[in-house]
Amino acid sequence: MTVPASGFMMENGGSSCLPLPPDVENRIVTDLGKESESNLQEGNLYYVVSNRWFRRWQLYVGQPTEEFSSKDHSSDSQHCNMVPSNVVERPGPIDNSDIVVNGSDSENNDLELKRFLEERRDYVLVPSAVWEKLYDWYKGGPPLPRKLISQGVTQKNFFVEVYLLCLKLIDSRDGSECIIRLSKKATVFDLREKVFALKGIKQEKACIWDYFNQHKQSVLDATSQTLEELNLQMDQHILLEVDGPTQTGMDATRNELALVALEPSRSSLSIAGGPVMSNGHSSSYGYQGSSLSSSVSDMDERSDLSNTAKKREKGGLAGLQNLGNTCFMNSALQCLVHTPPLVEYFLQDYSEEINADNPLGMHGELAIAFGDLLRKLWSLGQTTIAPRAFKGKLARFAPQFSGYNQHDSQELLAFLLDGLHEDLNRVKRKPYFETKDYDGRPDAEVADECWRYHRARNDSLIVDVCQGQYKSTLVCPVCGKISITFDPFMYLSLPLPSTVTRSVTVTVFYGDGSGLPMPYTVTVQRHGCIKDLTLALTIACCLKNDENLLLAEVYDHRIYKYFDNPLESVTSIKDEEYLVAYRLPKRESGRPKLEIIHRSLERCSTDRLKGMERKLFGTPLVTYLGEEFRSGADINAAVSKILVPLKRTYSSTKAHSSKENGFVSEMNDEPANCSPRSVSQSIDIEEEETSSENEPSFQLLLTDDRGLSCKPIDKDSAIKYGPLIKVFLDWTDREHELYDVSYIKDLPPVHQTRFMKKTRQEAISLFSCLEAFLTEEPLGPDDMWYCPRCKEHRQATKKLDLWKLPEIIVFHLKRFSYSRYLKNKLDTFVDFPIHNLDLSKYVKSNDGKSYLYNLYAISNHYGGLGGGHYTAYAKLIDEKRWYHFDDSHVSPVGEEEIKTSAAYLLFYQRVEN
């Protein structure tokens with residue numbers, strides 16, 4: 001890599017000892033980023049940059065930053081995009097020291113990144129052209145170049161390979177070990193070339209072994225196969241032997257075996273065949289088939305852990321080795337391979353059902369890999385399997401699960417069920433059906449029609465046993481149009497209704513200047529939404545029928561954001577924030593909104609700046625401009641009106657003294673009811689009733705959204721406006737004498753730390769989760785429905801009902817929530833039945849069937865987001881006993897122990913009459 005020469009480059013190509021202005025740096029980097037995005041090609045170079053440094057640069061140039069809430073990160077990342085660049089110092093040299101492992105024994109491309117870093121939280125990726133500019137301006141480093149690679153078969157996805165494949169090379173001559181780092185897209189030839197150059201030996205005199213689990217798996221001959229295709233794993237061993245390889249390898253049990261071809265046999269019999277039991281399966285699902293599918297993939301599955309454990313005498317009790325944060329995969333797989341209909345199916349010959357030509361499938365390869373793994377897990381004598389071949393297929397067809405970061409077992413389950421369905425779809429050519437409208441027809445008729453159409457295009461084992469049908473009803477809030485559809489499902493994602501509450505303090509301002517601001521503390525569900533908070537405030541402040549509440553967050557004396565989405569979670573509101581609400585008349589909601597930001601003249605506190613400067617203070621005020629708004633005089637009049645309650649009088653002083661405790665219900669001499677006397681009624685209003693000609697004149701300046709520009713407002717000049725007008729109000733000594741600014745200063749923060757402790761007795765039931773899922777609710781603003789009658793998108797109400805339930809039903813408990821500010825996990829204990837889960841009353845088809853289910857598997861998640869650990873509980877149906885599957889460790893567990901707050905996915909099988 002060519003490092004640019006030193007010096008700060010100017011736009012005209014010349015150099016200067018002075019840095020570029022922040023806005024120029026921002027523009028150059030933004031333009032280079034857009035240019036790079038328009039020319040994505042495999043092999044493009046990107047650089048890893050510490051987000052700690054990059055965030056400082058973004059603050060300096062005034063570029064918006066992303067916020068994260070994490071106990072591992074300081075609060076300086078919150079709301080930082082609201083800080084003007086003129087108050088942020090220029091960052092120092094680029095510093096990547098916080099993301100690089102100390103003492104790395106390599107340089108440049110081989111510098112080791114700390115494990116489990118998260119993009120946009122710990123680091124950012126910048127194109128090569130952007131890095132060259134940043135390095136030119138700031139120097140520092142070290143540079144961490146990474147290449148853009150593509151992955152996926154059905155759909156190519158580009159991503160930067162941040163973590164190179166790390167292989168531990170053992171030299172058989174002296175037992176020494178060193179680290180080799182290459183791209184997983186590198187070929188075996190590239191690996192051999194690097195190893196032999198490092199060791200200074202000739203290729204013809206040495207060979208390299210795939211030494212997974214420190215056992216010889218296969219010789220890595222010079223070939224164009226990539227390391228990814230050979231399923232080499234992060235941190236696994238490779239073995240260097242000089243003077244040529246021995247002709248035999250060792251399997252996981254130290255038995256000699258003949259070396260076999262690198263590619264498995266492609267015959268359908270050896271892939272998906274096998275002996276069919278007379279009764280469809282053995283007495284305990286134990287598979288004792290011949291080695292029809294023996295290949296290198298067989299060796300991939302073997303684990304050295306089998307040497308240290310007693311051979312299993314029963315099938316289905318083998319563990320899965322963790323290949324590096326693959327516990328999410330192991331947990332989901334154990335639940336699936338203990339699903340009785342799937343076990344019975346994949347232990348028989350399913351080769352005739354593989355649909356290799358389905359463009360929506362994986363050419364049958366996913367079904368083959370899953371079936372092969374299931375057979376190994378159910379083979380007698382197995383203890384632990386290393387699912388390298390399956391993980392390789394998964395990464396190939398679902399790049400989102402590649403790499404070694406933790407993933408979501410539910411997302412993997414959804415992909416596997418859908419992928420298995422498409423690979424096993426018996427329909428070779430899907431017919432086309434035109435969807436018919438509901439048109440008031442009976443539900444049963446429409447449901448049967450939709451199900452027939454669905455089955456005509458989708459016919460597989462997964463549809464047979466895992467797919468049900470629900471009824472979806474949408475109602476337009478304007479014209480009342482009703483739309484009813486019947487859709488298939490493979491699992492149900494259930495919300496967890498919270499029983500934990502929190503207190504939130506919000507200061508309410510009068511947008512029409514009719515009263516003093518007042519703080520209210522209300523109680524909402526801990527994981528409720530903005531709509532719940534607004535409703536609680538509406539009741540607390542006795543909002544009138546002709547008023548609306550506009551909720552906003554204040555940061556650094558500015559409005560950081562308006563809460564426009566009523567469905568946004570209140571978990572996005574943090575302890576240290578300041579929330580305000582503005583009471584505004586509904587009739588003026590279509591008028592321009594005026595936002596008044598306060599500034600005061602203060603003496604500079606730094607040695608670098610001398611004299612006086614304008615500083616922000618207080619809380620912005622918001623009002624609507626009237627219908628006659630035309631000029632600066634109208635803005636002046638609006639400011640004068642909204643400041644009326646702050647005028648210094650005896651009455652207002654008394655009122656202020658009574659609000660110091662922050663609760664309106666404790667005001668002196670005022671009844672706690674919904675008709676409080678407004679402050680403006682208690683003020684001596686002689687001044688307020690003067691004509692507009694005698695209104696006080698304020699120093700007002702028009703500013704932009706970021707508050708970086710200022711233009712004085714002349715009373716007689718016309719004002720160009722949009723939905724929002726922002727102005728600075730410069731306070732002079734005269735304003736400070738006339739108005740009491742204490743009402744808009746020192747607001748109480750949110751204080752959302754008073755949580756009610758959840759106890760085991762406060763647990764919620766699976767039924768309450770299901771009922772919450774089936775409750776009618778409005779669609780979100782980003783998910784509006786196009787009403788065919790109104791010919792517009794509407795925020796319709798949606799109601800779900802269960803219509804047809806499958807033999808296997810999976811409940812996904814939605815423990816993870818994500819918002820702009822916060823990632824959160826709910827550890828709520830959900831009480832779920834193990835036996836006789838009766839769902840009959842929830843099924844609306846009235847078919848008279850009994851819907852009783854028994855639990856047979858659970859996927860558990862312990863810990864927090866972005867990490868944690870997955871395990872599984874599964875029941876061996878034949879022996880009616882539960883087992884705990886924790887990666888490679890398998891142990892029996894009592895039925896009374898399987899109910900925990902870690903339950904994430906619940907697998908039920910219908911009880912046949």
Side-chain angles (χ1 to χ4, degrees), residues 409-410 468 470-473 489-502 523-533 535-536 566-567 569-571 755-780 797-806 808-819 824-845 850-862 873 895-911:
S409 68
Q410 184 273 331
Y470 61 73
K471 173 186 174 182
S472 175
T473 304
F489 68 85
M490 282 193 289
Y491 54 87
L492 297 176
S493 293
L494 308 184
L496 273 60
S498 177
T499 60
V500 181
T501 59
R502 56 182 285 187
T523 300
V524 294
Q525 293 292 325
R526 180 179 179 181
H527 296 281
C529 58
I530 294 300
K531 179 178 66 176
D532 303 323
L533 176 58
L535 179 60
L567 300 181
S569 173
V570 294
T571 56
F755 296 138
M756 294 167 55
K757 297 295 184 181
K758 176 175 280 297
T759 66
R760 189 63 173 257
Q761 288 70 34
E762 296 177 68
I764 60 177
S765 70
L766 181 63
F767 295 107
S768 64
C769 297
L770 182 57
E771 287 162 3
F773 172 76
L774 299 175
T775 299
E776 183 180 57
E777 63 179 1
L779 296 175
T797 58
K798 183 175 183 178
K799 174 74 170 69
L800 296 178
D801 292 295
L802 301 181
W803 190 264
K804 181 191 296 290
L805 296 185
I808 300 297
I809 188 167
V810 180
F811 293 109
H812 164 223
L813 303 179
K814 296 173 69 173
R815 295 193 177 277
F816 303 128
S817 63
Y818 305 89
S819 70
N824 183 59
K825 183 196 172 186
L826 298 175
D827 288 315
T828 307
F829 178 80
V830 178
D831 189 10
F832 48 86
I834 298 176
H835 303 284
N836 298 322
L837 168 65
D838 191 354
L839 300 176
S840 303
K841 71 175 184 178
Y842 298 103
V843 181
K844 300 300 182 182
S845 56
S850 175
Y851 290 95
L852 286 178
Y853 288 82
N854 287 337
L855 185 73
Y856 70 87
I858 306 171
S859 175
N860 302 301
H861 181 268
Y862 299 90
Y873 293 124
E895 187 173 88
E896 70 281 356
E897 300 177 59
I898 66 173
K899 285 189 179 184
T900 70
S901 59
Y904 183 46
L905 301 175
L906 304 175
F907 292 73
Y908 283 89
Q909 183 179 23
R910 190 166 59 213
V911 178

Next item on the list: Please name the residue in the list Leu766, Leu805, Ile808 that meets the side-chain contact (heavy atoms from CB on, under 4.5 Å) test with Tyr908.
Entry: Leu766
Next item on the list: Can you measure from NZ (Lys814) to SG (Cys769) and round to the nearest 0.5 angstrom?
Entry: 11.0 Å
Item checked: Residue list, side-chain contact (heavy atoms from CB on, under 4.5 Å) with Pro495, at least two apart or on another chain -> Ala772, Phe773
Note to self: Using the side-chain contact (heavy atoms from CB on, under 4.5 Å) criterion, which residues pair with Ser765? Sequence neighbours excluded.
What the structure shows: Phe767, Ser768
Check: Got a sec, which residues hit side-chain hydrogen bond (donor to acceptor under 3.5 Å, both in side chains) with Tyr856, two or more places apart in sequence or on another chain?
Finding: Thr339
Item checked: Under 3.5 Å: donor-acceptor pair, side chain of Lys844, backbone of Lys471 -> no
Notebook entry, point to check: To the nearest 0.5 Å, how far apart are CG in Leu774 and CG in Leu494?
Noted result: 8.5 Å
Margin query: Taking the six-membered ring for Trp, are Tyr904 and Phe816 closer than 6.0 Å centroid to centroid?
Written below: yes
Item checked: Contacts of type salt bridge (charged side-chain N to carboxylate O under 4.0 Å, His left out), residue Lys804, not counting sequence neighbours -> none
Next item on the list: For residues Ile809 and Leu839, determine if any side-chain heavy atom of one lies less than 4.5 Å from a side-chain heavy atom of the other.
Entry: yes
Item checked: 4.5 Å side-chain heavy-atom contact, Ile858 and Phe832 -> yes
Next item on the list: Supply the atom-to-atom distance Glu771 CD to Ile764 CD1, rounded to the nearest 0.5 angstrom.
Entry: 11.0 Å
Item checked: By side-chain hydrogen bond (donor to acceptor under 3.5 Å, both in side chains) - contacts of Tyr853 (at least two apart) -> none
Next item on the list: Apply side-chain contact (heavy atoms from CB on, under 4.5 Å) to Phe811 and Leu837, showing your working.
Entry: CA-CA 12 Å; Phe811 293 109; Leu837 168 65; 3.7 Å; yes
Item checked: Partners passing side-chain hydrogen bond (donor to acceptor under 3.5 Å, both in side chains) against Ser493 (at least two apart in sequence or in another chain) -> His812
Next item on the list: Please tell me if the side chains of Asn854 and Ile834 come closer than 4.5 Å, counting only heavy atoms from C-beta onward.
Entry: no
Margin query: Quick check for you: to the nearest 0.5 Å, what is the distance between Glu895 atom CD and Leu855 atom CG?
Written below: 8.5 Å
Next item on the list: Return the set of residues passing side-chain hydrogen bond (donor to acceptor under 3.5 Å, both in side chains) with Asp801 (not counting sequence neighbours), or none when no residue passes.
Entry: Lys799
Margin query: Closer than 3.5 angstrom, by distance alone: can the side chain of Arg815 be matched with the main-chain N or O of Leu496 as a donor-acceptor pair?
Written below: no
Note to self: Once side-chain contact (heavy atoms from CB on, under 4.5 Å) is applied, do any residues pair with Thr775, and if so which ones, sequence neighbours excluded?
What the structure shows: none
Notebook entry, point to check: With Asp831, which residues qualify under salt bridge (charged side-chain N to carboxylate O under 4.0 Å, His left out), at least two apart?
Noted result: Lys899
Margin query: Could you report the tightest heavy-atom contact between Ala903 and Asn860, atom names first, then the distance?
Written below: CA-OD1, 3.6 Å
Next item on the list: Would you give the length of the straight line joining atom OG1 of Thr900 to atom OH of Tyr862, rounded to the nearest 0.5 angstrom?
Entry: 4.0 Å
Next item on the list: Measure the CG-CD distance between Leu905 and Gln410 for me, rounded to the nearest 0.5 Å.
Entry: 6.5 Å
